[in-house]
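Presented below is the structure to which this report refers.
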Amino acid sequence: MKKLAILGDSYSAFPGSSPDDYAIWYNDTGIKECNDVHSVSEMWWYPVVKFFDLDLITNCSYSGSTVCNIGFDGDDFSKISFNYRMKRELSPDTDVDVILILGGTNDFWAASPVGEPKYSDWEDHELNCFCQAFCYTLDYLTKQHPNATILNILNDEIQGPIREYTKEICEHYNVDNLDLVDIDKEDGHPTKLGMRQIANQVSKWDSFVNSIK
């Protein structure tokens, strides 16, 4: 059974699958309003895991998190960013075969600093920018998990420089990228239909299918 890890934000987080101290947007309690997704089985990754008989070893997904260390209103997100959490949940001794990344949406929504690609020798302040932080993310994952297949999923919500730089950075690290298309959303988040659309597009993605054979 292939071991899968997810590095993401609210699009992938759900109670009981993400670590207990992570923020969640989707829920099954009825206490917090979200959209019509109220069951873990309705998350995009759930049917993918079931259909391909995968072992989801970690769902490192935190609602509202950015890839970089600067989030909404210019706040310090360095303790919830992708850069920070990946080291906690995907340490070098983590046994994993495939890592799916679905992020950048909050960097786009928060208008976090974009920066520009830089592939080594990052200074701390540079990780406040999306490009440098995403480079840092892929550099860490590809070096610390050299035997794992790293794949990126690009939200169709993201437009402009972050979208184009994401593709450029993925190409540099030889990380295949899936451009999501026409995902149904409410309040910026995939609905039940949108989750099924993501699951369908991932399940038909050759790079993903080949990685789990």
Side-chain angles (χ1 to χ4, degrees), residues 5-15 17-27 32-34 43-45 58-92 94 99-145 150 152-170 173 175 177 180 185 187-190:
I6 298 170
L7 179 59
D9 50 33
S10 60
Y11 276 44
S12 306
F14 200 86
S17 69
S18 296
D20 290 341
D21 58 338
Y22 278 24
I24 304 291
W25 192 80
Y26 293 106
N27 70 93
K32 177 181 177 297
E33 291 186 5
C34 49
M43 298 299 291
W44 68 267
W45 48 263
T58 184
N59 183 10
C60 183
S61 299
Y62 192 114
S63 178
S65 64
T66 46
V67 175
C68 71
N69 291 337
I70 296 294
F72 294 92
D73 301 318
D75 288 349
D76 179 2
F77 273 30
S78 60
K79 297 302 183 183
I80 65 171
S81 70
F82 281 43
N83 284 177
Y84 177 82
R85 290 181 293 108
M86 68 182 179
K87 293 180 179 180
R88 169 180 154 171
E89 312 299 344
L90 288 164
S91 62
T94 303
I99 301 173
L100 290 179
I101 306 168
L102 176 49
T105 303
N106 289 306
D107 302 76
F108 174 65
W109 283 343
S112 300
V114 175
E116 58 185 21
K118 183 180 180 182
Y119 299 112
S120 64
D121 302 320
W122 302 273
E123 297 182 20
D124 287 345
H125 71 89
E126 292 177 308
L127 300 183
N128 293 335
C129 301
F130 171 80
C131 286
Q132 288 93 323
F134 190 51
C135 290
Y136 185 82
T137 296
L138 295 190
D139 189 83
Y140 173 87
L141 293 175
T142 54
K143 287 180 178 176
Q144 301 304 322
H145 298 284
I150 318 295
N152 188 69
I153 303 170
L154 181 57
N155 187 6
D156 59 348
E157 187 87 5
I158 300 171
Q159 300 300 325
I162 288 182
R163 184 175 190 83
E164 298 310 313
Y165 279 132
T166 294
K167 295 179 181 181
E168 179 180 331
I169 294 166
C170 283
Y173 285 100
V175 169
N177 179 77
L180 295 178
K185 304 185 188 79
D187 295 329
H189 291 74

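All figures in this text were calculated on a predicted structure; none of them were measured in a lab.
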Carefully, step by step, assess Thr166 and Ile158 under the rule side-chain contact (heavy atoms from CB on, under 4.5 Å). CA-CA 10 Å; Thr166 294; Ile158 300 171; 5.7 Å; no

Return the minimal non-hydrogen interatomic distance between Cys131 and Pro117, and the atom names on each side. CB-N, 3.6 Å

dist Glu123:CD -> Lys118:NZ (nearest 0.5 Å) comes out at 5.5 Å

Is there side-chain contact between Tyr140 and Pro92, with heavy atoms separated by less than 4.5 Å? yes

Within a 6.0 Å radius of atom OH on Tyr136, are there more than 12 heavy atoms belonging to other residues, nucleotides or ligands? no

Among side-chain atoms of Tyr62 and Glu89, is any donor-acceptor pair under 3.5 angstrom? no

Show the nearest heavy-atom pair for residues Tyr26 and Pro15, with the distance to one decimal. O-CD, 3.4 Å

Minimum heavy-atom distance Leu141-Ile101, with the two atoms named: CD1-CD1, 3.8 Å

Pairing donors with acceptors under 3.5 angstrom, does anything connect the side chains of Thr137 and Asn83? yes

What pairs of donor and acceptor atoms, side-chain ones from residues 70-77 against any protein atom, are under 3.5 angstrom apart with sequence neighbours left out?
{"unit_1": "Asp76", "atom_1": "OD1", "unit_2": "Ser78", "atom_2": "N", "d": "2.8"}
{"unit_1": "Asp76", "atom_1": "OD1", "unit_2": "Ser78", "atom_2": "OG", "d": "2.7"}
{"unit_1": "Asp76", "atom_1": "OD2", "unit_2": "Ser78", "atom_2": "OG", "d": "3.4"}

Considering only heavy atoms from C-beta outward, does the side chain of Leu180 approach that of Trp44 to under 4.5 Å? no

Verify whether one side chain among Asp107 and Thr66 offers a donor that lies under 3.5 Å from an acceptor in the other. no

Would a distance-only check, ignoring hydrogens and angles, find a side-chain to backbone donor-acceptor pair under 3.5 Å from Arg163 to Glu157? no

Could you state the interatomic distance from CD (Glu116) to CD (Gln132), rounded to the nearest 0.5 Å? 6.5 Å

Enclosure of Glu164 CD (heavy-atom neighbours >12, cutoff 6.0 Å): yes

Can you say whether the rings of Trp25 and His189 are parallel (under 30°), tilted (30 to 60°) or perpendicular (over 60°)? parallel

Distance check, rounded to the nearest 0.5 Å: Phe130 atom CZ versus Cys135 atom SG? 8.5 Å

Set of ring-ring contact (aromatic ring centres under 6.0 Å, His included) partners for Tyr119, sequence neighbours left out: His172, Tyr173

Would you call Asn128 and Cys68 a side-chain contact if the rule is heavy atoms closer than 4.5 Å? no

More than 12 non-hydrogen atoms from neighbouring residues, nucleotides or ligands closer than 6.0 Å to CG on Asp121, yes or no? no

Polar side-chain atom of Ser91 near backbone of Arg88 as donor-acceptor pair, under 3.5 Å: no

Can you check whether Leu138 reaches Ile169 side chain to side chain, under 4.5 Å on heavy atoms? yes

Derivation and outcome, side-chain contact (heavy atoms from CB on, under 4.5 Å), residues Lys185 and Tyr11: CA-CA 11 Å; Lys185 304 185 188 79; Tyr11 276 44; 3.4 Å; yes

Just verifying a value: how many Å separate Lys167 NZ and Ile162 CD1, rounded to the nearest 0.5 Å? 13.5 Å

Which heavy atom of Ile80 sits nearest a heavy atom of Ser65, and at what distance? O-CB, 3.3 Å

Exercise: identify the closest heavy-atom pair between Val175 and Asn152: CG1-N, 3.8 Å

Name the residue from Ile6, Thr58, Leu90 that meets the side-chain contact (heavy atoms from CB on, under 4.5 Å) definition with Ile99. Leu90

Measuring from Asn106:CG to Asp9:CG, what's the distance to the nearest 0.5 Å? 5.0 Å

Taking all atoms of both residues into account, what is the closest heavy-atom pair of Ser61 and Tyr22, and its distance? O-CD2, 3.2 Å

Let me confirm one number: the NZ-SG distance from Lys87 to Cys60, rounded to the nearest 0.5 Å. 12.5 Å

Donor-acceptor pair, Trp45 side chain versus Ser12 backbone, under 3.5 Å? yes

